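The chain is numbered in sequence order, starting from 1. Note that the coordinates shown come from a computational prediction; the quantities given were computed from them, not determined experimentally.
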Amino acid sequence: MTSLLNKEPFIRCDQYNFINFQVKNMVHAHSTVKDPNVLKAVKFGAVDKIAALFPELDDSQKAIFDTITSIEEEVQGKNFLARLKPYVIPFKTITEKNVAKLFPKAKKLKVPSLADIDFQEIVYLGWYDIRSEKKYLIFNFDGRLLGIHGTFRHTTKGVCAICNCHEEVGLFMANVKSGKETYTNRGNYICNDSQKCNQNIRSLEKLNHFVELLKN
Ligand SMILES: [Zn+2]
């Protein structure tokens with residue numbers, strides 16, 4: 001029997017961002033579109049896209065999404081998302097020890113204040129270290145923490161290789177193993193602002209590709 005009190009998190013952060021995006025679309029359509037048939041199409045289009053993310057939900061999990069079709073105003077959208085938030089799977093716990101282990105060669109690396117991070121709101125952890133002029137990225141890849149660091153130069157507006165959005169980006173270059181004892185520089189353009197980047201991620205497709213390219 002399925003319990004109605006099943007509180008197990010089952011929504012990934014990128015999926016939560018995707019739902020947020022669809023809800024915003026619905027609210028925006030409600031305030032700008034007059035034709036009820038068009039509005040209906042927008043609403044059920046959004047619901048279908050969200051349902052497609054979760055093909056195997058049990059009844060108690062489905063019930064969490066029940067009120068989505070009644071969302072019209074911004075406040076309803078916000079309330080809906082707030083009710084969903086407890087079901088978001090948090091990022092793997094990171095300690096300063098983990099960080100030091102992930103980047104053994106980085107001496108005196110300044111780690112962002114981990115206590116201030118909402119781990120339900122990150123798909124990856126990224127920060128720029130002024131002293132070494134490098135960007136440090138931590139991913140949860142195949143169930144384990146994976147650190148990638150590289151040089152980072154801010155350039156201009158462009159499409160980010162992690163979130164796939166048009167943002168202020170810079171060229172991130174990592175030194176990657178290319179053979180048994182040989183290394184090569186590989187990289188791509190990614191957001192300057194890793195927090196903004198995280199909020200933009202609505203699918204893991206680009207991120208996984210980025211990690212595959214740059215992991216050692
Ligand atoms: Zn980005």
For R131, does the CZ atom have more than 12 heavy-atom neighbours from other residues, nucleotides or ligands under 6.0 Å away? yes
Sequence neighbours left out, what pairs pass ring pair (Phe, Tyr, Trp, His ring centres under 6.0 Å) with at least one residue falling in residues 97-117? F103-Y136, F103-H149
Partners passing ring-ring contact (aromatic ring centres under 6.0 Å, His included) against F44 (at least two apart in sequence or in another chain): none
Suppose we screen for side-chain hydrogen bond (donor to acceptor under 3.5 Å, both in side chains). Which residues come up paired with N20, at least two apart in sequence or across chains? none
Run the side-chain contact (heavy atoms from CB on, under 4.5 Å) test against H166 and tell me which residues pass, sequence neighbours left out. K157, V159
Members other than M173 in its cluster, when Ile, Leu, Val, Met, Phe, Trp, Tyr link by side-chain heavy atoms under 4.5 Å? V169, L171, Y189
K196 meets the side-chain hydrogen bond (donor to acceptor under 3.5 Å, both in side chains) criterion, sequence neighbours left out, with E167
Positive for side chain to side chain contact (heavy atoms under 4.5 Å, CB included) with Y124, one of L146, I138, I201, I148: I201
Would you check if there is a donor-acceptor pair between the side chains of K135 and S194 at a distance under 3.5 Å? yes
In chain order, what residues pass the side-chain contact (heavy atoms from CB on, under 4.5 Å) check against V47, with sequence neighbours excluded? I68, T69
Closest approach of I190 to L137 (non-hydrogen atoms, all atoms of both residues): CD1-CD1, 4.1 Å
Taking the side chain as everything from C-beta on, heavy atoms only, tell me whether D58 gets closer than 4.5 Å to F10. no
Rounding to 0.5 Å, atoms CG (L81) and CG (L84) come to a distance of 6.5 Å
Which pairs pass ring pair (Phe, Tyr, Trp, His ring centres under 6.0 Å) with one or both residues in residues 61-80, sequence neighbours excluded? F54-F65
By side-chain hydrogen bond (donor to acceptor under 3.5 Å, both in side chains), D118 pairs with (sequence neighbours left out) K85
Holding to side-chain contact (heavy atoms from CB on, under 4.5 Å), I want the full list of residues that pass it with T184, two or more places apart in sequence or in another chain. S178, R186
Of all pairs that satisfy salt bridge (Lys or Arg N to Asp or Glu O under 4.0 Å), the ones with a partner from residues 200-212, not counting sequence neighbours: E212-K215
side-chain contact (heavy atoms from CB on, under 4.5 Å) filter on E56, not counting sequence neighbours, yields none
